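We use all heavy atoms of the structure for the numbers below, so side chains are in, but hydrogens, waters and symmetry mates are not. Since we're looking at a predicted model, the values are computed, not measured.
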Amino acid sequence: MMVVIDLYIAGESHVETAMKILWEAVVSSKYVYISRERPVVLLHKALPFYTRLRAKAYVNDLRDQFKFESDVHTRAWVEFQKNGIRLLSSIF
């Protein structure tokens, strides 16, 4: 099952660092399933007041969807804070 995770960071944040952190959080998760047919995809979209980072990845079992999302969010959030990247909890 494909899971899509969106993280929103402040527009002034360093995007390359944030993307590396998100990549590491996704590919090192114990819930992710990666293969040639099921790659991990990261997308970056700069908007006027914030930047959206999107990760698309597969999990082995659909019951792990929320565990995977929580795992990635938590580990990315911690690393963002360590690297001075401000994660926005809400964009609305």
Side-chain angles (χ1 to χ4, degrees):
M1 173 179 177
M2 179 189 281
V3 178
V4 178
I5 299 172
D6 286 330
L7 296 175
Y8 299 92
I9 60 174
E12 71 275 0
S13 297
H14 193 265
V15 174
E16 288 179 14
T17 303
M19 292 290 278
K20 287 178 186 174
I21 291 169
L22 181 55
W23 175 264
E24 286 299 319
V26 171
V27 301
S28 64
S29 175
K30 67 180 181 179
Y31 303 106
V32 73
Y33 173 74
I34 303 171
S35 71
R36 184 173 288 199
E37 296 80 27
R38 308 258 189 289
V40 172
V41 177
L42 295 185
L43 305 165
H44 157 245
K45 184 171 186 177
L47 297 157
F49 303 105
Y50 62 91
T51 297
R52 183 191 73 199
L53 306 179
R54 176 171 282 175
K56 294 183 173 189
Y58 290 83
V59 291
N60 285 319
D61 188 325
L62 67 93
R63 293 173 291 188
D64 291 333
Q65 172 188 358
F66 299 114
K67 292 176 188 174
F68 175 62
E69 286 185 63
S70 181
D71 179 45
V72 170
H73 270 267
T74 301
R75 292 186 302 114
W77 188 295
V78 168
E79 290 302 314
F80 284 174
Q81 288 178 332
K82 287 180 186 177
N83 287 275
I85 297 169
R86 192 165 54 97
L87 189 64
L88 304 178
S89 57
S90 175
I91 59 167
F92 303 105

Give a yes/no verdict on a cation-pi contact between R38 and Y33, requiring under 6.0 Å between NZ or CZ and the six-membered ring centre and an angle within 45° of the axis.
-> no
For the student: nearest non-hydrogen atoms of [X] and [Y], plus distance:
X   : Y   : value
H73 : I5  : NE2-CG2, 3.4 Å
A57 : V40 : CB-CG2, 4.1 Å
A55 : L42 : CB-CD2, 3.5 Å

Member of L88, I9, L7 meeting the side-chain contact (heavy atoms from CB on, under 4.5 Å) criterion with T51 | I9
Does a side-chain N-to-carboxylate-O contact under 4.0 Å join D71 and R75?
->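 Looking at D71 and R75, the cut-off is met.
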Walk me through it: do F80 and T17 pass the test side chain to side chain contact (heavy atoms under 4.5 Å, CB included)?
-> CA-CA 9 Å; F80 284 174; T17 303; over 6 Å; no
Ignoring hydrogens and angles, tell me if any N or O in the side chain of [X] forms a donor-acceptor pair with the backbone of [Y] under 3.5 Å.
X   : Y   : value
N83 : I85 : no
S29 : V26 : no
S70 : F66 : no

So with a 6.0 Å cut-off around CD of E12, is the heavy-atom count from everything else above 12?
->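 It does: E12 CD has more than 12 such atoms within range.
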Side chain to side chain contact (heavy atoms under 4.5 Å, CB included) between L43 and K45, worked out = CA-CA 7 Å; L43 305 165; K45 184 171 186 177; over 6 Å; no
Close side-chain approach of R54 and V4, heavy atoms under 4.5 Å = yes
Determine whether H44 and R52 make a side-chain contact, defined as any pair of heavy atoms from C-beta on separated by less than 4.5 Å.
-> no
Would you say Y58 and V27 are hydrophobically clustered, going by side-chain heavy atoms of ILVMFWY under 4.5 Å?
->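 Not linked; separate clusters.
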Please assess F68 against V32 for the test side chain to side chain contact (heavy atoms under 4.5 Å, CB included), listing each intermediate value before the final yes or no.
-> CA-CA 7 Å; F68 175 62; V32 73; 3.8 Å; yes
Given D64 and K67, is the side chain to side chain contact (heavy atoms under 4.5 Å, CB included) satisfied, shown in steps?
-> CA-CA 5 Å; D64 291 333; K67 292 176 188 174; 3.8 Å; yes
